[in-house]
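I have placed the structure first, in the form of structure tokens, so that the comments after it can refer back to it.
Every number for a ligand or one of its atoms is a count from 1 in the order of the listing.
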Amino acid sequence: MSTSSTLNILFAASEAAPLIKTGGLADVAGSLPAALRELGHDVRLVLPAYPQTIEKIGELTTVATLKLGGYQQPINILSSLLDNGVPCYLVDAPEYFSRQGNPYLAPNGHEWGDNAERFALFCRAIIAIGQNRSQLKWQPDLIHCNDWQTGLVAPLLSTEPNRPATLFTIHNLAYQGLFEQSTFNRLALPEELWTLHGLEFHDQLSYIKGGIVYSDRVNTVSPTYAQEVLTTEFGYGLEGLLSHRTNHFSGIINGIDYQEWNPTHDSRIHHHYDHTSFQLKQLNKKALQAHFNLPQKPNAPLFGYIGRLVEQKGVDLILQIIPGIIDRGGQVVMLGSGEAKLEKAMQEMHKKFPEQTGLFIGYDEDLAHQVEAGCDAFLMPSRFEPCGLNQIYSLRYGTVPIVRHTGGLADTVVDVTPETLADGSATGFHFDEASSSALWGAVERALDFYQHSRSHWQRLAITGMQQDLSWASSAEHYQTLYIKALADLEEC
Ligand code: ADP
Ligand code: GLC
């Protein structure tokens with residue numbers, strides 16, 4: 001180990017903002033390492049060298065060349081210091097990663113056919129760095145792995161002497177990295193890993209199971225989701241295993257990047273504001289209405305949605321209640337991309353109500369910030385949500401979140417009740433059942449609140465803006481978990 005108080009941490013992820021992003025994992029990998037560095041730890045990020053990432057970073061140095069067993073080509077490790085002060089390593093294996101587009105999906109929307117190979121190679125490179133076989137002259141005390149793409153690190157390391165400790169963070173249990181048994185053989189993984197207590201999951205190879213079984217500690221991204229995944233409804237067949245590891249499994253809520261998401265200086269929004277100048281938010285609303293060609297009515301409650309268009313997010317529930325919102329004089333703007341049938345349904349809704357809805361199908365970082373700054377309320381009716389970041393961004397931008405009571409949504413938004421209004425803790429609206437009528441119940445409560453008293457609404461929004469949503473406290477929880485993982489390793 002480096003010294004007792006300063007840890008060397010290798011933070012491994014398949015995406016990190018602003019270098020490459022498909023969802024919230026990128027936000028976390030782009031900000032948590034910097035927060036941990038502020039606590040004094042030497043945290044370094046490792047990512048695959050996607051072409052977009054290489055292009056975004058610009059200046060890179062080749063710091064090592066790995067010769068990995070089973071791979072013909074040597075693999076370069078490129079390095080750079082990121083703007084946020086975090087050293088970053090890129091695993092440069094052009095055969096696997098030099099492809100345009102999404103890190104996981106081919107242009108036809110299907111997963112790349114060799115994802116198992118791609119991320120097995122990534123894991124092997126992480127291990128080479130972790131075991132100091134890479135000429136970097138730096139060895140981590142702990143490797144912090146994230147999601148299934150890094151799921152083979154802990155199992156492959158488990159038999160090595162003098163290994164670093166491992167933490168595996170589950171950002172979404174729905175994505176497991178499942179492949180046929182023949183893939184296991186093709187990847188030449190050690191035979192002893194193919195057991196019910198190892199990588200085998202109902203006759204398939206499961207990357208996520210590898211992370212859960214073999215890591216010293218496992219966590220997920222909110223305390224409520226950590227409870228939910230122990231049930232059959234949310235556990236996808238892994239609830240038994242997670243329950244078995246319950247002494248080594250916990251939930252830590254995500255923080256957000258306070259530099260990137262800050263209405264007082266966000267360069268992507270039109271007008272800056274904070275809780276003392278809340279009325280200026282109205283100018284962002286006007287700009288957003290103009291952007292989407294909506295009538296610029298200051299009193300029309302403006303609802304927003306941003307996110308991947310997948311069943312998880314409950315976008316179909318939003319579509320069902322849009323006519324109701326419009327009946328009450330509201331407007332809705334939506335930004336997202338994903339499943340073709342949801343994209344189509346959104347386009348049809350927009351065609352039906354062009355004067356009351358705004359739609360952008362695609363990925364647009366600037367617009368995401370403008371939606372957060374310009375809306376009055378944010379809709380997040382997720383069927384499940386390990387943490388969720390947009391409701392947290394909404395709180396920060398004084399955009400009142402309306403959320404389903406699940407996962408990180410339940411942990412970050414305080415429902416309006418007589419009690420929470422009286423003690424001043426209310427920040428948004430909850431509903432329980434994953435149905436359009438339950439969502440409508442919460443939206444109606446919000447509309448009543450908005451239309452009844454704008455100063456009460458403002459108080460709600462400002463309470464949200466004043467929450468501490470930074471990484472400060474969660475980074476300390478991760479630090480504690482690292483120390484526990486190191487202690488577990490020592491006990492082995
Ligand atoms: P998930 O990781 O499940 O997609 P999160 O709420 O944790 O959900 O994070 C989603 C992140 O991706 C947020 O930063 C959100 O702003 C961003 N995002 C999602 N879809 C889009 C989009 N179409 N355009 C811009 N940003 C998007
Ligand atoms: C996942 C989850 C989301 C979470 C994000 C970052 O993609 O779906 O809820 O916020 O990871 O941890």
Side-chain angles (χ1 to χ4, degrees), residues 11 13-18 20-32 102-105 144-150 168-176 208 219-226 228-229 234 236 251-257 260-261 266 268-269 304-315 333-339 342-343 346 358-373 375 378-397 399 401 403-404 406-413 469 471 474 478:
F11 193 98
S14 55
E15 52 182 280
I20 178 91
K21 170 167 165 177
T22 71
L25 167 61
D27 299 60
V28 173
S31 53
L32 173 56
N102 188 294
Y104 321 116
L105 307 178
H144 184 163
C145 292
N146 294 274
D147 273 353
W148 73 262
Q149 294 86 355
T150 54
F168 186 71
T169 299
I170 302 167
H171 293 264
N172 194 334
L173 200 62
Y175 301 96
Q176 303 190 348
I208 204 166
N219 81 303
T220 186
V221 287
S222 69
T224 295
Y225 191 62
E228 288 173 339
V229 292
F234 295 93
Y236 298 100
I252 299 178
I253 198 81
N254 288 330
I256 62 167
D257 185 335
E260 181 64 18
W261 294 91
D266 184 339
R268 302 175 196 266
I269 67 175
Y305 172 81
I306 303 164
R308 293 182 294 118
L309 303 179
V310 292
E311 210 207 342
Q312 172 191 347
K313 301 290 175 182
V315 194
V333 296
M334 302 181 87
L335 162 62
S337 65
E339 288 170 12
L342 287 170
E343 290 188 357
M346 286 170 81
L359 174 65
F360 181 80
I361 300 279
Y363 192 90
D364 187 330
E365 198 77 36
D366 288 353
L367 190 54
H369 287 241
Q370 289 157 18
V371 169
E372 289 295 3
C375 287
F378 193 87
L379 299 168
M380 213 149 158
S382 308
R383 293 193 162 83
F384 67 94
E385 196 60 77
C387 177
L389 293 172
N390 278 112
Q391 85 283 8
I392 307 183
Y393 299 145
S394 298
L395 290 168
R396 182 101 167 112
Y397 282 69
T399 301
V403 301
R404 179 148 182 262
T406 185
L409 300 175
D411 291 339
T412 50
V413 178
L469 311 161
W471 271 111
S474 293
Y478 273 105

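- Against a heavy-atom cut-off of under 4.0 Å, Asp27 is close to the following atoms of ligand 1: 11 (C), 14 (O).
- Between Leu389 and ligand 1, an N or O atom pair is found at a separation short of 3.5 Å.
- Ligand 1 lies nowhere less than 4.0 angstrom from a heavy atom belonging to Cys387.
- Looking at Glu385, its side chain never comes within 3.5 Å of a backbone N or O of Pro381 through a donor-acceptor pair.
- For the atom pair OG of Ser222 and CD1 of Ile252, the computed distance is 11.0 Å after rounding to the nearest 0.5 Å.
- Backbone and side-chain nitrogen or oxygen atoms of Glu365 are examined, and none is located within less than 3.5 angstrom of a nitrogen or oxygen of ligand 1.
- With a 4.0 Å cut-off on non-hydrogen atoms, Ile306 touches ligand 1 through its side chain and not its backbone.
- Of the possible donor and acceptor atoms, none in the side chain of Gln149 sits under 3.5 Å from a partner among the backbone N and O of Ala13.
- By the criterion of a heavy-atom distance under 4.0 Å, the side chain of Asn254, and not its backbone, is placed next to ligand 2.
- Near Gly23, the atoms of ligand 1 lying under 4.0 angstrom from a non-hydrogen atom of the residue are 2 (O), 4 (O), 11 (C), 12 (O).
- With rounding to the nearest 0.5 angstrom, the OG1 atom of Thr412 is 10.0 Å from the CG atom of Asn254.
- With ligand atoms numbered from 1 in the order given, ligand 1 contributes 22 (C), 23 (N), 24 (N) to contacts under 4.0 Å with heavy atoms of Leu335.
- Annotation: atom 2 (C) of ligand 2 to nearest protein heavy atom, His171 O, 3.1 Å.
- Of all atoms in ligand 1, numbered sequentially from 1 with element shown, those under 4.0 Å from a heavy atom of Asp364 are 24 (N), 25 (C).
- For ligand 1, the polar-atom distance check against Lys21 finds a nitrogen or oxygen pair separated by under 3.5 Å.
- At a 4.0 Å cut-off, not a single heavy atom of Gly408 sits close enough to ligand 2 to count as contact.
- At the top of the distance list for atom 19 (C) of ligand 1, counting protein heavy atoms only, stands Gly307 CA, 3.7 Å.
- Using a 4.0 Å cut-off to heavy atoms of Arg308, the atoms of ligand 1 that qualify are 1 (P), 3 (O), 4 (O), 20 (N).
- Every atom of ligand 2 is numbered from 1 in the order shown, and the set under 4.0 Å from a heavy atom of Gln312 is 8 (O).
- Near Gly362, meaning under 4.0 Å from any of its heavy atoms, are these atoms of ligand 1: 22 (C), 23 (N).
- Look at Tyr393 and you'll find a heavy atom under 4.0 Å from some atom of ligand 1.
- We find the OG-CG distance between Ser394 and Leu379 to be 9.5 Å, quoted to the nearest 0.5 Å.
- Considering backbone and side-chain N/O atoms, Val221 never comes within less than 3.5 Å of an N/O atom of ligand 2.
- For ligand 2, the atoms lying closer than 4.0 Å to a non-hydrogen atom of Gly388 are 3 (C), 4 (C), 9 (O), 10 (O).
- Although no hydrogens or angles enter the test, the distance criterion places a donor-acceptor pair under 3.5 Å between the side chain of Thr220 and the main chain of Ile170.
- In terms of protein heavy atoms, atom 16 (O) of ligand 1 is closest to Asn390 ND2, 3.3 Å.
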Could you give me the CA-CA distance, side-chain angles and deciding distance for Val28 and Trp471, then say whether side-chain contact (heavy atoms from CB on, under 4.5 Å) is met?
-> CA-CA 10 Å; Val28 173; Trp471 271 111; 3.9 Å; yes
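- Short contacts between ligand 2 and Val28, defined as distances under 4.0 Å to a heavy atom of the residue, involve ligand atoms 6 (C), 12 (O).
- Considering only non-hydrogen protein atoms, atom 2 (O) of ligand 1 sits nearest to Gly24 N, 2.6 Å.
- Looking only at distances, a side-chain donor or acceptor of Thr150 sits under 3.5 Å from a matching main-chain atom of Asp147.
- In the model, Asp411 has no side-chain atom that pairs as donor or acceptor with a side-chain atom of Tyr225 under 3.5 Å.
- Residue Ala368 has at least one heavy-atom neighbour below 4.0 Å for each of these atoms of ligand 1: 25 (C), 26 (N).
- One distance of note links CZ of Arg308 with CG of Leu342; it measures 12.0 Å at 0.5 Å rounding.
- Judged by distance alone, with hydrogens and angles left aside, the side-chain atoms of Glu15 form a donor-acceptor pair with the main-chain N or O of Thr22 at under 3.5 Å.
- For Tyr393, the ring-ring contact (aromatic ring centres under 6.0 Å, His included) test picks out Trp261, with sequence neighbours left out.
- The shortest N or O to N or O distance between Leu25 and ligand 1 is not below 3.5 Å.
- Heavy-atom contacts of Gly24 reach the following atoms of ligand 2: 5 (C), 6 (C) (cutoff under 4.0 Å).
- The protein heavy-atom contact nearest to atom 3 (C) of ligand 2 is Glu385 OE2, 3.4 Å.
- Note that CG of Leu25 and CG of Leu389 are 10.0 Å apart. Values are rounded to the nearest 0.5 Å.
- Applying the side chain to side chain contact (heavy atoms under 4.5 Å, CB included) test to Tyr236 and every residue at least two apart in sequence or in another chain returns Leu173, Ala174, Gln176, Phe384.
- Only the side chain of Lys313 comes within 4.0 Å of ligand 1, counting heavy atoms alone; its backbone N, CA, C and O stay farther away.
- Classified by interplanar angle (parallel below 30°, tilted 30° to 60°, perpendicular above 60°), the ring pair Tyr305/Phe378 is parallel.
- Using modelled atom types and a 3.5 Å distance limit, the side chains of Tyr175 and Gln312 yield no donor-acceptor pair.
- Ranking protein heavy atoms by distance to atom 22 (C) of ligand 1, first place goes to Tyr363 CD1, 3.5 Å.
- For Glu311, the CD atom counts as loosely surrounded, since its 6.0 Å shell holds 12 or fewer non-hydrogen atoms of other residues, nucleotides or ligands.
- Between Asn172 and ligand 1, no N or O atom pair is found at a separation short of 3.5 Å.
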